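One-based numbering along the sequence shown. As a basis for the values below, the full set of heavy atoms in this structure was taken, side chains included, without hydrogen atoms, waters or symmetry mates. Whatever order the structure lists ligands and atoms in, that order sets their numbers, starting from 1. Just so it is clear, the structure is predicted and the values come from calculations on it, not from any experiment.
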Amino acid sequence: MASWSLIGIIVAVLVIKFKPEYSVHESYFLTVPAAILISWILRFIYSAILYPVYFTPVKHIPTPPNRSWLRGNTGVLTLKFPTDLATKWIKNVPNSGLIRYYAIGNLERVLVVSPKAISDLLVAKSYDFIRPDIAHIQLSTITGEGLLVAEGDVHKTQRKTLMPSFSYRHIKDLYPIFWSKAIQMVNEIEKGLPKNGNTIQVSTWSSRAMLDIIGLAGMSYDFNSVKDPTNELSGHYSNLLSTPSGYQRIVATFCLFVIGFKYYTSIPTPYIRGMLHSVQCIRDTAKQILLEKQAKLKRGEDIGIDILSVAMRSGNFSDENLIDQMMTFLAAGHETTSTAFQFAVYAMSKHQHIQTRLREELREKLPLSLLVESKDDEGYKTEPIPASAIDNNFPYLNAFLNEVLRYYPSVPFTSREAAHDTTLAGQHVPKGTNILISPEIINKDEDLWGADAKVFNPDRWLADAGTNNNGGNKSNGGAISNYAFGTFIHGPRSCIGQGFARAELAIFVAVFVSKFEVALKDPEKKLEVRQIITQAPADGVVVNLKVLS
Ligand code: HEM
């Protein structure tokens, strides 16, 4: 829009100078606004009416019918991902792995839906695609230039250097942190129960516990928000996750369509100012921790096993970039696991027989007494069973978690932009094409998972190979392709924290189910999901608990 306005201004100036008889008024006062308005109308006619039909370079990619000039195919005046509609398009729009659709203002999007197109996008041609500006700006405002937003060779080097921190060998050293926080959380919940009439909102607890864990595992810093919800730093962290107000969304839309999204964080609204202030406070703390660790390293002292320490020892990062990586892990590893835990509690509350089966399996090898006894001087702690035991001895727990992650992926969709002309599933994709991939849709696609794709069923991960759904392998949950499970996506940009998240969730579910019997406070209420970058139950999962002994 900015360039169209500029053209309008230039035309107005030229008209007044050389053809004043065509100007609205001989002064610039009326002619310039009139020229800008005309340029906007022309732009609208071009992009909303002519472009999608005649000029788009991806005309060969099929598109659903019923496009409106303002709302595109999605029917809404926001950029919200159209999950339900897209599920229908996959079925009804004949396609070869790609579907073209239009969002608000006829912004063009290409949705990737077949395993071949997904594997091209995420694996074979991963570096042909970059994060679009909107996503880059939103994420980097919080994370700086960390792994989540790095591109090309910079990304390859960062990822290679950080990988050792996420190897199984290293993650298993973090298990005691997971146990200790999970046990601390259930004990604190138990203490507060009488006051709350046995009702809790799961999100308040999971968010605090997962923040503490990522602080401890990431940089040996305990936000201590499970015990102290008023902790200043965790307050700053909650700020970063707060939902933008209606006013802020209008500002975002204005930036997107009128002045360019790159100016979004330069407009000093209360939301942006608050966010930048909170980012700075967290960065200052991370810097302090970094300086302390560097001093220790100089003195030849042990600096610990957290992710920051592993990255520091590599010597491959500047101080600023180490802080960026810390901000990245806080952003990428907190809300995602917190929402996954909320969905896990929702699922076990909704399906009581699943909860009973989980508890039976756990009780057999992980009696409550073991959990109660695993305390240190501070009252909580340590590993009641070794890391390998939780990974290998609880098939139903692992099946349940696989199904939670399939059915309720924390990241419902993500986006890419073609960095240059390329192809996906053999179809031409020109530079600049905006691509979307949706774990939420792929994970429930009946063509990939079979007729029961939309049923929550942990058993699909236990059935013998070949006997379930489409005849797929049980390690795939019966799906016909590896790419049918999109929760952590795949390839060089897949979630580096997948092993971390799975271990953390397994331990949290194990401790929670062992300690409490849980039921939804309002079992008849429909599950409402709120979507921003992650998706989460809108009410934070309100449940009634009974303490088990
Ligand atoms: C259930 C929990 C989690 C889910 C569902 C999840 C999902 C994802 C997804 C879908 C991506 C790809 C995003 C994209 O490229 O657009 C991603 C990337 C990433 N995740 Fe996770 N994540 C989880 C937990 C974690 C944890 C615990 C950490 C860190 C401790 C983490 C760190 C990262 C990082 C650093 C990236 C960027 C990787 C790269 O670009 O190379 N995630 N995650």
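Ligand 1 has I214 within reach: a non-hydrogen atom of the residue lies less than 4.0 Å from it. Not a single heavy atom of P439 sits closer than 4.0 Å to an atom of ligand 1. The shell of residues lying under 4.0 angstrom from ligand 1, judged by heavy atoms, includes H155. Ligand 1 is approached by R131 to a heavy-atom distance shorter than 4.0 Å.
Side-chain atoms of F508 and W205, non-hydrogen and from C-beta on, never get closer than 4.5 Å to each other. Using a 4.5 Å heavy-atom cutoff, the side chains of F81 and Q531 are in contact. At a threshold of 4.5 Å between non-hydrogen side-chain atoms, the residues L297 and E292 do not count as touching. With contacts defined as side-chain heavy-atom distances shorter than 4.5 Å, the pair K444/I441 does not qualify.
Of the protein's heavy atoms, L148 CD1, 3.6 Å lies nearest to atom 36 (C) of ligand 1. When only non-hydrogen protein atoms are considered, atom 15 (O) of ligand 1 lies nearest to R416 NH2, 2.8 Å. The protein heavy-atom contact nearest to atom 16 (O) of ligand 1 is T414 OG1, 2.4 Å. For atom 12 (C) of ligand 1, the closest non-hydrogen atom on the protein side is I489 CD1, 3.5 Å. Regarding atom 7 (C) of ligand 1, its nearest protein heavy-atom neighbour is T487 O, 3.6 Å.
When only interatomic distances are considered, the shortest N/O to N/O separation between R493 and ligand 1 falls below 3.5 Å.
Screening residues 477-488 for side chain to side chain donor-acceptor pair (under 3.5 Å), with sequence neighbours left out, gives N443-T487.
Around atom 21 (Fe) of ligand 1, the protein N, O or S atoms found under 2.8 Å comprise C495 SG.
We find that R283 and E320 are joined by a salt bridge, their nearest charged nitrogen and carboxylate oxygen being less than 4.0 Å apart.
For N457, the side chain to side chain contact (heavy atoms under 4.5 Å, CB included) test picks out E403, D452, V455, D459, R460, with sequence neighbours left out. Remark: Y407 pairs with F456 by the ring pair (Phe, Tyr, Trp, His ring centres under 6.0 Å) rule, at least two apart or across chains.
Shown in contact with T337 at under 4.0 Å from a heavy atom are these atoms of ligand 1, numbered in order with element: 2 (C). Close contacts of ligand 1 with S494, meaning ligand atoms under 4.0 Å from a residue heavy atom, involve 38 (C). Contact atoms of ligand 1 toward R159: 38 (C), 39 (C), 41 (O) (distance under 4.0 Å to a heavy atom of the residue).
Under the 6.0 Å distance and 45° angle rule, R406 counts as a cation-pi partner of W449.
Residue I489 forms a side-chain contact (heavy atoms from CB on, under 4.5 Å) with just one option from L122, V411, V123, and that option is L122.
Side-chain N/O atoms of S410 and T336 include no donor and acceptor closer than 3.5 Å.
What you find for F223 and L211 is that their closest heavy atoms are CD1-O, 3.5 Å.
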